[in-house]
Structures are given as structure tokens and as C-alpha cells.
> 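Before I ask anything, let me first share the structure, which is written out below as C-alpha cells.
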Amino acid sequence: MPFRAFINGQEVIALEVTTTQWQTYQKDRTKVVTMSCCQNRGILKTSHKGLQFFAHHPDNPKPLNCSYKGETEQHLRAKMAIRNACLELAGVACNVEVSGQGWRADVLAIKGNRKIAFEIQWSPQNIVETQIRQERYRQSGVECVWLFRIISDLSPNPSLPIFQLIETGGEFKVKVESHYLSLEDFVKAWLNGQIQYCTYLQSSTYQKINIGISSCFCAKCQEKNHYFQILNSIYPSECSFPVERNQSKRTKLEFRPEIVQIIQKFLEQQEQEDLYLANIEFYYLFSQKIWRFTCCWCGTPINEDNEPECIAILEHKIRFNPLIADQAFPHWCWSKSALFCNQPIVSNEPQQSVIWIEGRKKSNSVTNKKSSIYVKKEIETKFFKLSTTEIEQADLPISIENKSDSPISSWNTYRCQDEISTELKPIWDLIYNSLPQKYEGFFRCSASLKSFDEQIIIIDLIPPNRVQTLNEYMQIFLITCQTVFQSKSLRVKAELLNSREILWDSQSALIQWESQDVVINLSQIWQHFLDQIPSNHNSLRQLLKQHGNLLEIQKSQVIISLSSQPLIKRVKMDEFLIKEIFEKCLEQSVDVAFILQ
Ligand SMILES: [Zn+2]
Ligand SMILES: [Zn+2]
Ligand SMILES: [Zn+2]
Ligand SMILES: [Zn+2]
């Protein structure tokens with residue numbers, strides 16, 4: 001039952017004829033209807049649903065010379081639906097029952113220089129027959145899409161696209177993997193290039209993820225730390241397939257800069273003071289880099305709970321680059337965004353974008369930019385306070401906002417970089433392989449060797465956010481270098497991002513800010529303080545001298561570290577005296593805090 005025939009020698013497409021015109025044709029007794037398919041006599045018909053079509057004359061309903069047979073009414077309606085969908089698209093021309101070299105397409109659409117045939121197969125057709133017909137289309141430069149009502153093999157084949165056509169309650173649906181598209185939507189998607197053959201599944205670039213923040217207590221120092229986990233296990237592809245991610249430790253998603261950045265921002269916005277983000281560090285296991293959380297107080301690895309109780313769950317839509325999961329799976333990829341699973345990763349970012357960050361103590365004294373530390377000018381003997389701008393540089397806060405407009409690009413600075421020249425590489429390897437394990441990760445990610453000779457080693461350095469940490473790390477680095485090069489007089493110079501230079505040598509534990517001749521000298525203040533303890537408190541002095549240290553002076557708070565909890569209890573008995581002495585030393589009122597280290 002076709003839509004095309006000749007009426008009085010003129011080709012007519014029944015679909016394009018108005019009802020009135022069709023009725024006029026039907027009433028005309030003198031008309032001559034010739035079928036397009038076989039030139040035999042035909043008649044005009046109207047189905048009970050009002051569908052207009054032609055049929056062979058009842059005198060010869062199945063002519064021997066006609067290959068056009070057995071089309072059902074569903075077949076006709078499907079053709080019409082395809083045609084209507086094509087006509088709704090801009091820039092697409094189409095017609096029904098178009099013949100070519102050895103083929104006759106149910107619907108042929110033309111879009112630019114593409115010719116696309118839609119073939120409806122209501123009755124079964126074997127694969128060999130389909131392949132032969134497909135080849136005829138191919139030779140005429142026509143792509144052909146097959147819509148089979150009955151389909152035996154659903155495995156996708158890019159050179160022979162076959163989809164299942166399903167009719168339910170008068171509606172046609174096309175099955176594309178797990179999606180059921182209306183026939184019209186399928187045709188539009190196909191013509192718009194929204195269906196593509198892909199050999200593997202890939203999570204889409206944008207993912208909605210849930211990050212759970214949990215707290216835990218360090219197994220060693222019992223201090224509170226916060227860490228986070230991504231709670232998703234499924235990352236849908238562009239074509240809405242659930243792609244599972246293999247959560248290997250090595251490629252832990254948590255430590256991607258995109259995620260870490262969200263956490264840092266979140267923590268900084270919080271009002272509570274006791275939020276302590278654990279450090280993110282890596283170690284090597286069988287030459288594989290493995291990332292983990294470590295205690296921000298003592299560096300001990302943190303045991304993450306598999307089902308942690310979250311104090312907060314952050315929901316974010318994140319752009320992941322590179323993509324986070326893929327698996328081999330040939331499929332027809334249907335994507336409205338026209339981004340498919342086979343899409344190459346448009347990025348020159350390294351396969352694993354990782355960063356080193358130091359856990360940040362979240363407390364007012366740290367985040368308050370106006371906090372001041374006490375410094376001593378070499379020439380003068382009197383303590384004085386640095387101005388706010390100097391503090392910011394000295395304190396080296398890792399602040400996303402300050403670095404650049406695009407937060408992601410600012411994090412690039414913290415990525416592992418292999419920018420060391422080949423001659424320096426072996427020396428550099430030698431140095432950081434000799435570092436204690438705890439420090440290795442930091443130097444590998446934040447520093448690179450610039451030059452060296454017998455007197456001085458110069459490195460580029462992205463400093464951690466606390467001067468105290470920097471000092472500690474650099475002293476370890478200095479000692480390591482001195483050991484490696486067997487030279488006690490060797491010095492280390494670090495060139496920082498803001499073009500400052502800091503010099504370390506074994507003379508003292510001083511950090512010299514060369515450009516300003518300013519010395520931040522906690523150990524001198526500590527010594528001065530110890531000297532001021534009155535002789536009737538000799539045991540306190542001995543105790544602090546042996547087991548204590550001045551960790552930091554921030555704003556008006558003096559932080560003293562002690563090596564055990566009982567010591568803190570003991571020292572707290574003399575808290576007022578300690579406070580008094582510090583106030584004398586620093587010439588201002590202070591609070592004293594003790595922490596375990
Ligand atoms: Zn015929
Ligand atoms: Zn057909
Ligand atoms: Zn700890
Ligand atoms: Zn896909």
C-alpha cells in the first residue's frame with residue numbers, strides 16, 4: 001500500500017493531497033490510476049482512521065510483476081511519522097517512497113550533502129538480505145537506517161544501523177539502548193547527529209556529586225581532623241548509562257583539585273572554629289603514587305571510615321577533566337548535547353591532576369589577615385610589629401581568590417611539575433629520595449631544583465601556608481642536602497612565587513627574608529622567655545626547655561607546643577606566670593595556648 005501513484009498521468013503523493021481534493025478524485029469516474037511500483041491499475045483508498053493511500057486494483061491485487069507487497073497500515077503510518085518529523089526540521093528535504101539504483105526507500109531525507117534513507121521492516125527480514133540492500137544504498141551514496149519490528153540481534157553495528165521499532169497503542173517508539181524514543185524524536189536525533197556509535201562508555205564531563213565531610217580523631221595524637229569522601233559510586237555517561245567507577249586508591253577522585261577547592265572554600269565559610277582539614281599527601285608503593293589523608297597535627301595517616309558519619313554533605317555539579325570513568329561497551333550513544341562517550345578528552349591536562357595541599361587550621365587567628373607576628377630587625381634589638389601587607393606575604397596564605405580570576409587555573413600552580421632539566425633531575429631525585437618520607441611528597445610537588453654548586457642549592461618553591469611549617473620543612477631539606485653533599489656549610493635558597501628569596505644555613509634556625517633583612521625568630525623569643533622565668537620556678541623552666549617549644553605567635557595568642565598531655569596539665573598550673581612573662585617579652589597583652597605535638 002503506497003502513498004505514490006499516477007492519476008491521469010500525473011504523479012500524486014496521497015499524503016500531500018487535501019481531504020476535499022482526495023474526495024474529488026474518488027468521485028471522478030473517468031480518472032486513470034497507475035501504480036508507481038509496477039504500472040498496473042490502482043485505486044484510491046481511505047482507511048477508517050482517515051489515512052489516504054493507493055492500492056492495486058481489486059481485479060489484480062497482487063500483480064506478479066510488482067515487488068511491492070504486503071505493506072500494512074502500521075507501515076504506512078510509520079512512514080508518515082518519519083516524513084512529518086523530517087519536515088519539522090529546518091534544512092531537511094524529504095519524500096516518501098523514493099526509488100534509486102536497485103532501491104526504494106520508505107522515506108528519503110536530504111540534509112546538506114547527506115542522503116539518509118529510513119527503511120521500515122514490519123515483516124521479518126534476514127540479515128543477509130538486509131546487508132545486500134544496505135550495500136545498494138551505500139553504492140548510491142545513501143546512508144540507510146533500518147527500523148525492524150522484529151529484531152534478532154541487537155548488537156550495534158555502525159555500518160548497518162538497525163533499531164527496534166515498537167508500536168504500542170498506536171504510538172511508535174524506537175529503542176536506542178535503554179531509551180525509548182518516539183519515532184519522531186528518533187528521526188530528528190538521527191538527522192541532527194545526536195545518535196552515534198561508541199565503542200566504550202564514558203562518564204560525562206559534568207557530574208553531580210555528593211561530598212561527605214567527616215571528622216575523626218588521629219590514632220596517634222588523638223587530635224581532631226576533618227576529611228572528605230565522594231559518596232557517589234555511579235557516574236552517568238552523556239547517554240545516561242550508569243558508569244561505575246573503580247575507586248582505586250591511586251586515582252582517588254577526592255584529591256582532584258576541583259574537589260579540594262570546594263572543600264577549602266566550604267571550610268573557610270564556616271563559622272565554627274574547630275574545622276581542621278587533614279593533610280593530603282602521597283607515598284610510593286611499588287613505584288605507584290598513592291594519595292591519602294594524614295593528620296594535620298602529626299602527619300600520621302588517617303584511617304578513613306568506609307561508611308563515615310558525615311557532618312556535612314555538599315552537593316556540587318562539577319566539570320571533571322579528564323573524565324573519571326570508562327569501560328569498553330559498544331553502544332548507540334544518544335546524547336542531546338551531542339557530546340558522546342567516544343568524545344576525545346579535549347584537554348592537555350595530565351592524566352592525573354593532583355595537588356599538594358597542607359591541611360589548614362581553621363581558626364580566627366589564622367584566617368584573620370590583621371594578625372601580626374613579632375619580628376626582630378637584625379640591627380635593632382627591640383621587637384616591633386610588621387605591617388599588614390608584610391604579614392600577608394610572610395604568612396603566605398594559600399588563597400584561591402587572590403591568585404587569579406579562574407580558581408582552577410590558580411590550582412595549576414600546585415600541580416606536580418616536571419620542569420626540572422634532565423641534567424638536574426638525577427641530583428634532584430637523589431635529594432628527595434634521601435628526605436624523610438613525611439617530607440618527600442611536599443618537595444616532590446611543591447619544589448624544583450633550579451641550580452646548585454658546592455656552596456648553595458637554589459630551588460623554586462611553592463610555600464605551605466604557615467611560616468612555621470615552611471621553616472620546619474626547609475630545615476629538614478637543608479640537613480638532607482648537607483648529608484647528601486657531605487658539606488656542613490652548604491646553604492639552601494628558596495625562590496618563592498612572589499619572587500621573594502629565603503635563605504637557610506646551619507648557623508641558626510632563622511628564616512632570612514633577604515629582600516627586607518627581617519628575621520622571624522621564634523627560637524630567640526622562646527629563649528628570651530625561658531631566661532625570664534624566675535629562679536624559684538626552675539623546674540618549670542627545665543620542663544619547658546626540654547619538652548616545649550614556641551610554635552607560633554598569632555595576633556595576641558602565643559602557642560606553645562608540648563610533647564605530652566600530662567605536661568600540658570602541669571604547665572597549665574603556671575599559666576598565669578607564663579602569660580605574664582610573655583607579656584613582658586612582647587610588650588603587649590597575650591593569651592597563651594598549649595598544644596600537643
Ligand atoms: Zn505495484
Ligand atoms: Zn518498507
Ligand atoms: Zn595526629
Ligand atoms: Zn554513550
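The first residue of the sequence shown is numbered 1, and numbering continues consecutively from there. Both ligands and their constituent atoms are indexed starting at 1 by order of listing.
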> Just to the nearest 10 degrees, tell me the angle at the Zn ion (ligand 1) spanned by Cys37 SG and Cys38 SG.
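Value returned, to the nearest 10°, is 120°.
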> Rounding to 10°, state the angle centred on the Zn ion (ligand 4) that links NE2 in His331 with SG in Cys341.
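Reported to 10°, the angle equals 110°.
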> For the side chain of Asp106 and the backbone of Ile120, is there at least one donor-acceptor N/O pair under 3.5 Å apart?
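Checked: pair present.
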> Suppose you place the vertex at the Zn ion (ligand 3); what is the angle out to Cys295 SG and Cys221 SG, to 10°?
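Result: 110°, to 10°.
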> Report whether any nitrogen, oxygen or sulfur of Cys239 sits less than 2.8 Å from the Zn ion (ligand 4) (N, O or S, backbone or side chain).
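An N, O or S atom of Cys239 is closer than 2.8 Å to the Zn ion (ligand 4), so yes.
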> What is the distance from atom NZ of Lys79 to atom CG of Leu183, rounded to the nearest 0.5 Å?
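The CG atom of Leu183 is 13.0 Å from NZ of Lys79, to the nearest 0.5 Å.
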> Are His75 and Trp122, when compared by the centres of their aromatic rings, separated by less than 6.0 Å?
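So the answer is no for these two rings.
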> The test is salt bridge (Lys or Arg N to Asp or Glu O under 4.0 Å); show your working for Glu238 and Lys336 and say whether it passes.
CA-CA 8 Å; Glu238 285 292 345; Lys336 282 181 185 164; over 6 Å; no
